[in-house]
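This report refers to the structure that appears directly beneath it.
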Amino acid sequence: MADADTKSTRRYRKVEVRTWGDEKFRRLSPMPPCGQGLWLFLITGPFTGPVPGLFRAGRAAMAEELDWSLEAFDEAFAEAFREGMVKADFRSRVVWVPNAIKHNKPESPNVVKSWATELDLIPECPLKWEAIEALKASVYALGEAFAKAFDKAIGKPLPKPSAKPSAKAMLNQEQEQEQEQEKKIPLNPPAGAGGKSRGKRQKSERIGYPAFVQACRDVGQHQIQADDPIFGFADDARIPREFIALAWRAFATKHRAGRKQQAGIVGWRAHFRDAVRGNWAKLWYFPQDGGEASLTTVGIALSRERDAEAARKAEQQEAA
């Protein structure tokens with residue numbers, strides 16, 4: 001009974017999406033970059049559509065709409081991401097706000113049916129399927145009529161997860177493991193810091209590899225973002241994206257205990273791109289027939305090492 005009372009006393013306010021484009025609203029002093037401001041933008045802003053919490057948008061487009069720098073947008077987004085309030089696949093330009101449907105439930109089965117057109121416009125990617133599965137659970141809980149409407153809106157069975165992780169998933173896994181390892185390694189102090197805390201790093205400050213990993217962790221990002229230009233290069237050069245994950249493994253191993261420094265996060269990411277473009281680790285070669293790149297013996301050995309580590313980890317998890 002207490003739960004029912006609590007739900008009945010919840011207060012909601014409707015906000016028109018066109019508020020963000022209203023002439024008088026836009027003449028007001030702008031909202032400074034912050035996590036709370038971004039959250040309001042994500043649930044009421046002009047990129048939102050009829051499907052609660054799921055829409056298509058890129059980082060640069062949202063930053064421009066808010067009149068924030070891309071760096072400021074990333075910092076605000078990292079805040080919301082760390083709280084589990086939003087997910088994004090920025091390479092596919094897909095944003096997902098998991099709890100949006102709790103605050104904006106469909107008013108009728110017909111509303112759910114109307115989602116079909118919008119869902120077709122959302123680029124296909126794992127995050128889209130994750131969002132649809134979550135939406136399905138929420139809509140099914142509203143009753144049989146809503147469930148039938150949802151099935152009609154989807155119109156086709158959801159793709160089954162692949163047994164083999166995607167290249168993106170493998171790269172993310174490599175980077176997450178790297179971040180865990182770097183937690184145990186003292187960071188190289190910034191040059192000229194004198195042992196004192198300097199707060200936020202300057203863009204031009206040269207930092208070591210462990211500090212680079214820590215800086216990415218601080219802003220809730222992978223060391224190499226999903227929309228990094230290196231993936232476009234790999235596609236153009238016909239280098240399988242799985243090889244990029246191997247290149248990262250070799251790159252991290254080389255620099256983890258090294259003394260090399262680069263100009264912040266930007267510098268280290270650029271250094272990795274150079275390593276991939278130049279195939280510094282000698283992981284792949286191009287056949288004479290001009291086909292897709294293949295692994296060298298060095299690349300094969302590194303791939304087998306990675307697979308063996310993954311198998312051991314799986315066995316340990318099963319035994320736990």
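- Considering only heavy atoms from C-beta on, Q36 stays 4.5 Å or farther from E79 through its side chain.
- A continuous path of Ile, Leu, Val, Met, Phe, Trp and Tyr side chains, each step under 4.5 Å between heavy atoms, connects I43 with M62, placing both in one hydrophobic cluster.
- Under a 3.5 Å cut-off, the side chain of S92 and the backbone N or O of C125 do not form any donor-acceptor pair.
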Item to check | From CA spacing to verdict: side chain to side chain contact (heavy atoms under 4.5 Å, CB included), R269, I224 | outcome: CA-CA 7 Å; R269 287 173 174 168; I224 304 301; 4.0 Å; yes
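- In this structure, the ring of H222 has its center no less than 6.0 angstrom from the ring center of W248.
- Under the 3.5 Å distance criterion, the side-chain polar atoms of R206 are matched with a main-chain donor or acceptor of Q261.
- The closest side-chain heavy-atom distance from D89 to W96 is not below 4.5 Å.
- For the pair D74 and R59, the salt-bridge criterion is met [side-chain N within less than 4.0 Å of a carboxylate O].
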Item to check | side chain to side chain contact (heavy atoms under 4.5 Å, CB included) between D151 and Y140, intermediate numbers included | outcome: CA-CA 10 Å; D151 291 340; Y140 269 47; 2.7 Å; yes
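- F231 and W280 end up in different hydrophobic clusters when Ile, Leu, Val, Met, Phe, Trp and Tyr side chains are linked at under 4.5 Å.
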Checklist entry - Does the pair R306 and E242 meet the rule for a salt bridge (Lys or Arg N to Asp or Glu O under 4.0 Å), with working shown? => result CA-CA 12 Å; R306 178 200 61 202; E242 179 184 353; 3.1 Å; yes
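- Taking 4.5 Å as the limit, every side-chain heavy atom of L54 sits out of range of all side-chain heavy atoms of V95.
- The backbone N or O of L283 sits less than 3.5 Å from a side-chain atom of N279, completing a donor-acceptor pair.
- Minimum interatomic distance between A88 and F77 (heavy atoms only, all atoms of both residues): CB-CZ, 3.5 Å.
- Linking Ile, Leu, Val, Met, Phe, Trp and Tyr residues whenever their side-chain heavy atoms come within less than 4.5 Å leaves F90 and L70 in two separate clusters.
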Next on the checklist: side chain to side chain contact (heavy atoms under 4.5 Å, CB included), that's the test. Do L38 and L66 meet it? Break it down for me.
Outcome noted: CA-CA 9 Å; L38 178 64; L66 288 162; 4.0 Å; yes
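- Here E133 does not pair with K128 in a salt bridge; the nearest charged N to carboxylate O distance is not below 4.0 Å.
- Following chains of ILVMFWY side-chain contacts shorter than 4.5 Å, one can reach F286 starting from I230, so the two form part of one hydrophobic cluster.
- Here the NE2-OH distance, from H271 to Y209, works out to 11.0 Å after rounding to the nearest 0.5 Å.
- For the atom pair Y285 OH and T297 OG1, the distance stands at 10.0 Å (nearest 0.5 Å).
- Distance check: F73 CZ to W68 CH2 gives 7.5 Å after rounding to the nearest 0.5 Å.
- For the pair L135 and F150, the minimum side-chain heavy-atom distance is below 4.5 Å.
- Residue pairs that meet the salt bridge (Lys or Arg N to Asp or Glu O under 4.0 Å) test with at least one member in residues 22-32, sequence neighbours left out, are E23-R27, R26-E65.
- Using modelled atom types, no side-chain atom of S303 and backbone atom of G299 make a donor-acceptor pair closer than 3.5 Å.
- The environment of CD in E64 is sparse: at most 12 heavy-atom neighbours from other residues, nucleotides or ligands sit within 6.0 Å.
- Here CE of M31 is found 7.0 Å from CG of L40. Values are rounded to the nearest 0.5 Å.
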Next on the checklist: Is there a side chain to side chain contact (heavy atoms under 4.5 Å, CB included) between V94 and F55? Walk through the geometry before answering.
Outcome noted: CA-CA 6 Å; V94 176; F55 56 91; over 6 Å; no
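- When the side chains of ILVMFWY residues are joined at heavy-atom separations under 4.5 Å, either directly or via intervening members, I101 and W129 end up in a single hydrophobic cluster.
- At least one side-chain heavy atom of W115 sits less than 4.5 Å from a side-chain heavy atom of P106.
- Because its NZ or CZ atom is not both nearer than 6.0 Å to the ring centre of F233 and within 45° of the ring axis, R273 does not count as a cation-pi partner of that residue.
- Under the 4.5 Å side-chain criterion, counting only non-hydrogen atoms from C-beta, C216 is in contact with I265.
- Annotation: cation-pi pair K254/F251 absent, no NZ/CZ under 6.0 Å from the ring centroid and within 45° of its normal.
- The distance from the CG atom of L302 to the CG atom of L295 is 9.0 Å, given to the nearest 0.5 Å.
- In this structure K105 satisfies the side chain to side chain contact (heavy atoms under 4.5 Å, CB included) test together with L142, sequence neighbours excluded.
- In plain terms, the two heavy atoms of P287 and A293 that are nearest each other are CD-CA, 4.4 Å.
- Between the side chain of R82 and the backbone N or O of D218 there is at least one donor-acceptor pair closer than 3.5 Å.
- Annotation: ring-ring contact (aromatic ring centres under 6.0 Å, His included) contacts involving residues 21-53, sequence neighbours excluded, comprise W20-F25, W20-F41.
- With rounding to the nearest 0.5 angstrom, the CG atom of N99 is 8.5 Å from the OG atom of S138.
- The distance between the ring centers of F272 and F212 does not fall below 6.0 angstrom.
- Between Q223 and W268, the closest side-chain pair of non-hydrogen atoms is not below 4.5 Å.
- Q262 has its side chain out of reach of H255: every pair of non-hydrogen atoms, C-beta onward, lies at least 4.5 Å apart.
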